[in-house]
Amino acid sequence: MIKLMDVAEVIRSKNSGPYELTFDIMFKDAAVFEDFVTRDIMTPAVFAQLYGIDEAQVQSVIAFAPSKAVKITILRPISSGALGEKDVYGAQQHGPLLNFEYA
Amino acid sequence: MKEFRVLSPTAILGYGFPAASFEEGMSHKPHVIAVDAGSTDPGPYYLGSGKSFTDRGAVKRDLEFMLTAACTENIPMIIGTAGGSGADSHLDWNVDIVREIAAEKGLSFKMAVISAQIDKEVIRQRFAQGKVVALKPAPVPTMQDIEDSVNIVAQMGHEPIMEALQAGAQVIITGRAYDPTVFAALAIMQGYDPGLALHMGKILECAAIAATPGSGSDCMFGYLRDDHFELATLSPARKCTTTSVAAHTLYEKSNPTRLPGPGGVLDLTQTTFEQTTDNTVTVRGSRFIPDDAYFVKLEAARHVGHRTISFAATCDPIMINQLDDIIAAVKERVAGNFSDIGDFFLDFKVYGHHGASFYGDTGSMPAEAAIIIEAVAPTAQLADTICSFARSTLLHFGYPGRKSTAGNLAFPFSPSDFAGGDVYEFSLYCLMAVDSPTELFPIKIFQCDKGVLV
């Protein structure tokens, strides 16, 4: 199993406006990135399972070659700052990705 | 070759920059000094309350450098989304700081102030005409959302800023504006390609965050030419690399190659990033594709109540292992005790146990847990009452197997409860069709004579 922690340079989350959260995985190595994308390791279904959310909440999974990056965008559980908020900026929701492993 | 130069001193007005970087930037003879002051990131409170999320003293410090340099070199200085959220109270706050500096430094200039606050009646009318539409995935706006909103702002494009520049304004302070516009308006007015000008603005907007090591508190410089633009840092401590610039392209956006804004989409599918010197990245191929109809984004917040919080902690493993059940029981008791006094919101944020994260497995329980008790109610007095009752109930709650019968909580502070003030939430985040890019954004022009507006 390959640990995402080992092959990624950056794993981060942030608001993309008040209604979405966006996750960036930037790989260290172009070949590892290409392999990850070509084999379609991160799909909406995989991300939904990892995060314990409904797949319909996953808005998009996009590869961005200039940054050797895969970007996942999901609906925010609540709009930024609404009652029940835990993370106004959305900058600390990357935890489950740190534990992600793939074959 | 024709060249247009832009100095972006800092990522957000008030975040600061080293004086040496700023002076280095001025030595490259910029045609404009611009900074974006805005962000929805700090949440709905700042738009709703009309207050700035940056500190007045820090904003004044940044503006002193920028205003003095702009007046000395006789070039424009443009501030976008004044006060962070860009409603009229934010605009007034920023204009007051500019006047204070002008008075202290004896500076005189022509100033334009562009409002982005939209009267509710304008929105009601357009809503009835079907011109207010959803910005997916944000909710579909309703008339009730419009009625509930305070401080509705629209995000202007570069056109109102161009109009102010054409009227001869040297200092321009805007309400809510699309981030790249303050960097792009003068270049587009001079005939530069809007796609390149806006993309350069999109990167300069965050200043040295697009460099490595990144910083929100250092300057960035842009050179716009006919068919490309170049970016460079101004401090020897940082470099501009294709990796750092491309990484920024991903930041805080859902799709890195398609960036919708007022009047059109910035299309980066053909964009290339090339390292041209050790510290320079050249960007080509970015295109602006105008929409058939011109839409602006509306943002607003509604008041939802007043907040009181209490902070406490526990290190008792018997309690920590059944904390979810204890909290549910305390909530029930509070609800039962105050069933007749109207709506309130009560929440327990347990740090050490999913206090920060919305997702993932719960994992093992921590040795210590911090608990923030939060009450939000229609009045501050009621929020105090709910928070106080929840705190005392949790403190003395008799859970199964309890050994520590003197009290369940460690309080670090006396008093234990804190007033959090007004609470807001976003109420509008949608699009509205306009007949002209300038119709919603009235421009006031003043002569600022050493701080006196005439």
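From a predicted model like this one, the values you see are computed outputs, not experimental measurements. Numbers restart at 1 for each chain; the letters A, B, ... are given by sequence-line order, proteins then strands.
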(request) Sort out for me which of A/I53, A/L21, A/V88 touches chain B most, counting heavy-atom pairs under 4.5 Å. (result) A/V88

(message) Out of the candidates A/K14, A/K71, A/R12, only one should pair with A/T22 under the side chain to side chain donor-acceptor pair (under 3.5 Å) rule; please name it.
(response) A/K71

(message) Heavy-atom pairs under 4.5 Å with chain B - which of A/S13, A/S79, A/G84, A/G52 has more of them than the others?
(response) A/G84

(request) Could you look at B/V423 and say if it's the side chain, the backbone, both or neither that has a heavy atom under 4.5 Å from chain A? (result) side chain

(request) Under 4.5 Å, counting heavy-atom pairs only, tell me which of A/A82, A/S67, A/G81 racks up the most with chain B. (result) A/S67

(request) Kindly give the heavy-atom pair with the smallest separation between B/F53 and B/G84, and that separation in Å. (result) CE2-CA, 3.5 Å

(request) Kindly give the heavy-atom pair with the smallest separation between B/Y429 and A/Y19, and that separation in Å. (result) CB-CE1, 3.4 Å

(message) At a heavy-atom distance under 4.5 Å, which candidate from B/A247, B/G43, B/S39 has the highest pair count against chain A?
(response) B/A247

(request) Give a yes or no on whether the backbone of A/I78 and the side-chain of A/R76 come within a donor-acceptor separation of less than 3.5 Å. (result) yes

(request) Just give me the residue among B/A356, B/A301, B/G305, B/S244 that pairs up with chain A most often, heavy atom to heavy atom, under 4.5 Å. (result) B/A356

(message) Please find the pair of heavy atoms, one from B/D145 and one from B/S427, that lie closest to each other, and give the distance.
(response) CB-O, 3.6 Å

(message) Counting only heavy atoms not in B/R284 (residues, nucleotides, ligands), do more than 12 fall under 6.0 Å from its CZ?
(response) yes

(request) Select one option (side chain, backbone, both, neither) describing which atoms of A/S60 are under 4.5 Å from chain B's heavy atoms. (result) side chain

(message) Can you tell me which portion of A/I72 sits under 4.5 Å from chain B's heavy atoms? Options are side chain, backbone, both or neither.
(response) neither

(request) Below 4.5 Å from any heavy atom of chain B, which atoms of A/K86 appear? Answer side chain, backbone, both or neither. (result) both

(request) Using non-hydrogen atoms and a 4.5 Å limit, figure out which bit of A/L97 sits close to chain B: side chain, backbone, both or neither. (result) neither

(request) Name the region of A/L75, side chain, backbone, both or neither, that has any atom closer than 4.5 Å to a heavy atom of chain B. (result) both

(request) Give a yes or no on whether A/K28 atom NZ has more than 12 heavy-atom contacts from other residues, nucleotides or ligands under 6.0 Å away. (result) yes

(message) Tell me the closest heavy-atom pair linking B/K331 and B/L346, and the distance in Å.
(response) CE-O, 3.3 Å

(message) Would you call the rings of A/F36 and A/F27 parallel, tilted or perpendicular, taking 30° and 60° as the class edges?
(response) tilted

(request) Let me know if A/Y89 has heavy atoms under 4.5 Å from chain B in its side chain, its backbone, both or neither. (result) both

(message) Could you report the tightest heavy-atom contact between B/I152 and B/I146, atom names first, then the distance?
(response) CD1-O, 4.2 Å

(message) Only pairs of heavy atoms separated by less than 4.5 Å count here; which of B/S357, B/A246, B/A138, B/S254 has the most with chain A?
(response) B/S254

(request) Can you tell which part of A/S16 gets under 4.5 Å to a heavy atom of chain B, answering side chain, backbone, both or neither? (result) both

(request) Classify the ring geometry between B/H306 and B/H303 as parallel (under 30°), tilted (30 to 60°) or perpendicular (over 60°). (result) perpendicular

(request) Identify the heavy atoms of B/N151 and B/S49 that sit nearest to each other, and give their distance. (result) ND2-C, 4.4 Å

(message) What part of B/D41 gets within 4.5 angstrom of chain A, counting heavy atoms only: side chain, backbone, both, or neither?
(response) both

(message) Given heavy-atom pairs under 4.5 angstrom as the criterion, report whether the side chain, backbone, both or neither of B/F358 touches chain A.
(response) both

(request) Could you tell me if the ring centre of B/F229 sits under 6.0 Å from that of B/H199? (result) yes

(message) What part of B/Y424 gets within 4.5 angstrom of chain A, counting heavy atoms only: side chain, backbone, both, or neither?
(response) backbone

(request) Sort out for me which of B/I372, B/N255, B/L250, B/T257 touches chain A most, counting heavy-atom pairs under 4.5 Å. (result) B/L250

(request) Answer with side chain, backbone, both or neither: which region of B/F345 has an atom nearer than 4.5 Å to a non-hydrogen atom of chain A? (result) side chain

(message) Heavy-atom pairs under 4.5 Å with chain B: which of A/D24, A/N99, A/D87 has the most?
(response) A/D24

(request) Sort B/T249 into side chain, backbone, both or neither according to what part of it lies under 4.5 angstrom from a heavy atom of chain A. (result) side chain

